[in-house]
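Some notes on the structure that comes next.
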Protein chains: 2
Amino acid sequence: MSKVPVMEIFGPTIQGEGMVIGQKTMFVRTAGCDYSCSWCDSAFTWDGTGKEMTKQMEAEEIWNELTSLGGEGFSFVTISGGNPALLKNLSFLIDLLKSNNIKIGLETQGSKWQDWFLQIDELTLSPKPPSSGMVTDFEALDMIINNLSEGQTTQNTSLKVVVFDDEDYNYAKKVHHRYPHIPFFLQVGNENNKTSDNLKLVSLLLQKYEWLINKTMLDHECKDVKVLPQLHTYIWGNKRGV
Amino acid sequence: MSKVPVMEIFGPTIQGEGMVIGQKTMFVRTAGCDYSCSWCDSAFTWDGTGKEMTKQMEAEEIWNELTSLGGEGFSFVTISGGNPALLKNLSFLIDLLKSNNIKIGLETQGSKWQDWFLQIDELTLSPKPPSSGMVTDFEALDMIINNLSEGQTTQNTSLKVVVFDDEDYNYAKKVHHRYPHIPFFLQVGNENNKTSDNLKLVSLLLQKYEWLINKTMLDHECKDVKVLPQLHTYIWGNKRGV
Ligand code: SF4
Ligand code: SF4
């Protein structure tokens, strides 16, 4: 039994965040999360509201859906959630994608290890700051980062922290300084993830982005960092599945 | 005599474009260009209007200016132009930055080789599309990319093409397919590089960005590409030196 719970499959579109920002990619969103962040923009993956969207799928079914949507026009697949790291069985999909020469990007908050992490081309660990209401298990995160370092793969790992306020920013710095050798991304939090007024949203997000840039630029303890927005919200607002 | 003509030194700020988008960085802008692109947003570096801003500077003077502006708070310096590849003497600055453990990003259109290319950490080659009015010397570009491949450095190279229209897009594809192993970035052109109405500018740029994304997503001949905006124009509009 190699099925995984899939919420949506869409694309091709661009990756709007993090280390592969701008990348042409297909998306597979898995269901289920061990967290319940206050500002989660994918709460439908775990709060029950998306239950009827969820489908248990074999790797081959997922691949068929990807190729029927994207044809011959993609070489990158992003697996997101929820927390895809809850799913041991994702190894079947990952093997299948690899055997078709597809690069894989995946994001997880870093609460749980899976051996298939070592096969991900672009792995983003995004521990959650205080405003999420969650508490980071730093022992789990240490273990994950150790395993990745020892794995000696050609894979790229990065850390990404979403920042809503000063407390989040201090948390982000703590994470950056705990793992100084891992490429580090600060991302502006979206406080208005329900509004459908896109131009107002962009204007608010840009203000917040400028705030985060200014804070980081003045901070001598944050040097080798990247500060990024969520590009897709600039274009598609809070719409899902684009 | 190890001086180079410098137009402006500023930062810390973020890199708004390309392979290190979002990176906290200082900027050194050199004077002079062998091109004269129709839509150049740094025409003051070569059209005579910025003459009184230009200062012949030794590497040490540039370093002093960088540290007086950025203190201990930076680990990355971006060298831009004009075309910094015209300046053999930049080797002195590059050596000095390296000896201070500073990472270096540099962008050039790829019309001219310099041996110090091999010391750049993040090198962006940005050949200019038809709308610029320039004609690419593909032999020069071939030679540069060969030299970089043979150099076997740990350095990262990427190609970036700015796209204003369909013809530019076809040119971009030609470049991508000529050098398929080099990471490839499509960037939205800014047609309004004089306006100071920032919100209008952002709205126009987002429309153009969506156009370029849609075009690329539907194109099966463009798979492993990244499509990016110029982030700094979203925040600071067409303002200089930020
Ligand atoms: S970890 Fe991610 S998917 Fe899970 S609740 Fe938090 S934001 Fe939502
Ligand atoms: S190559 Fe760059 S600096 Fe030179 S004219 Fe063209 S856009 Fe301007």
Side-chain angles (χ1 to χ4, degrees), chain A residues 11-26 69-76 101-103 160 183-188 198-200 202-203 205-214 216-229 231-232 234-237 242, chain B residues 11-26 69-76 101-103 160 183-188 198-200 202-203 205-214 216-229 231-232 234-237 242:
Chain A
T13 185
I14 60 154
Q15 169 60 263
E17 305 180 0
M19 69 196 296
V20 282
I21 191 165
Q23 174 74 46
K24 183 178 184 178
T25 183
M26 302 294 296
L69 282 168
E72 295 276 303
F74 68 94
S75 59
F76 198 103
N101 281 318
I102 303 291
K103 277 197 208 155
K160 185 180 80 179
F184 190 76
F185 293 78
L186 289 164
Q187 180 174 303
V188 195
N198 285 358
L199 207 63
K200 199 183 138 204
V202 168
S203 152
L205 287 171
L206 281 173
Q207 276 171 39
K208 207 64 200 279
Y209 186 28
E210 192 173 2
W211 166 80
L212 185 57
I213 291 172
N214 289 338
T216 313
M217 295 309 118
L218 291 173
D219 184 353
H220 285 195
E221 289 166 25
C222 264
K223 292 185 204 187
D224 193 13
V225 298
K226 291 179 184 173
V227 191
L228 286 176
L231 279 181
H232 51 282
Y234 285 39
I235 301 183
W236 296 294
V242 279
Chain B
T13 183
I14 60 153
Q15 168 60 263
E17 306 179 0
M19 69 197 294
V20 281
I21 192 165
Q23 173 74 46
K24 183 178 184 178
T25 183
M26 302 295 295
L69 282 168
E72 296 276 303
F74 68 94
S75 59
F76 198 102
N101 281 318
I102 302 291
K103 276 198 209 157
K160 185 180 81 177
F184 190 76
F185 293 78
L186 289 164
Q187 181 174 301
V188 196
N198 284 359
L199 207 62
K200 199 184 136 204
V202 168
S203 153
L205 287 171
L206 281 173
Q207 275 172 38
K208 208 63 199 281
Y209 186 29
E210 193 173 1
W211 165 81
L212 185 57
I213 291 172
N214 289 338
T216 313
M217 294 310 118
L218 291 173
D219 185 353
H220 286 196
E221 289 166 25
C222 263
K223 293 185 203 186
D224 193 12
V225 298
K226 292 180 184 173
V227 191
L228 286 176
L231 279 181
H232 51 282
Y234 285 38
I235 301 182
W236 296 293
V242 279

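Below, chain A is the first sequence line, B the second, and so on; all start at residue 1. Keep in mind that this is a model prediction, so the values were computed, not measured.
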Margin query: Taking the side chain as everything from C-beta on, heavy atoms only, tell me whether B/Q187 gets closer than 4.5 Å to B/L228.
Written below: no
Notebook entry, point to check: Under a 4.5 Å heavy-atom cutoff, which of A/E210, A/E72, A/E221, A/K103 has the most pairs with chain B?
Noted result: A/E72
Item checked: chain B contacts, top residue of A/S203, A/S75, A/G70, A/C222 (heavy-atom pairs, under 4.5 Å) ->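 Most heavy-atom pairs within the cutoff with chain B belong to A/S75.
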Check: Of the listed residues (B/I213, B/L186, B/N214), which shares the most heavy-atom pairs with chain A below a 4.5 Å separation?
Finding: B/I213
Margin query: Heavy-atom pairs under 4.5 Å with chain A: which of B/L231, B/T216, B/D219 has the most?
Written below: B/L231
Chain B contact via [X] - which portion, at a heavy-atom distance below 4.5 Å:
| X | result |
| --- | --- |
| A/M26 | neither |
| A/F74 | backbone |
| A/V202 | side chain |

Under the 3.5 angstrom rule, does the side chain of [X] hit a backbone N or O of [Y] as a donor-acceptor pair?
| X | Y | value |
| --- | --- | --- |
| A/K24 | A/Q15 | no |
| B/T25 | B/I14 | no |
| A/Y209 | A/V227 | yes |

Notebook entry, point to check: How far apart are the closest heavy atoms of A/K226 and B/I21, and which atoms are they?
Noted result: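 Here A/K226 and B/I21 meet closest at CD-O, 3.7 Å.
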Note to self: Restricting to salt bridge (charged side-chain N to carboxylate O under 4.0 Å, His left out), what partner residues turn up for B/K160, sequence neighbours left out?
What the structure shows: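 Partners of B/K160 under the salt bridge (charged side-chain N to carboxylate O under 4.0 Å, His left out) test: B/E17, B/E107.
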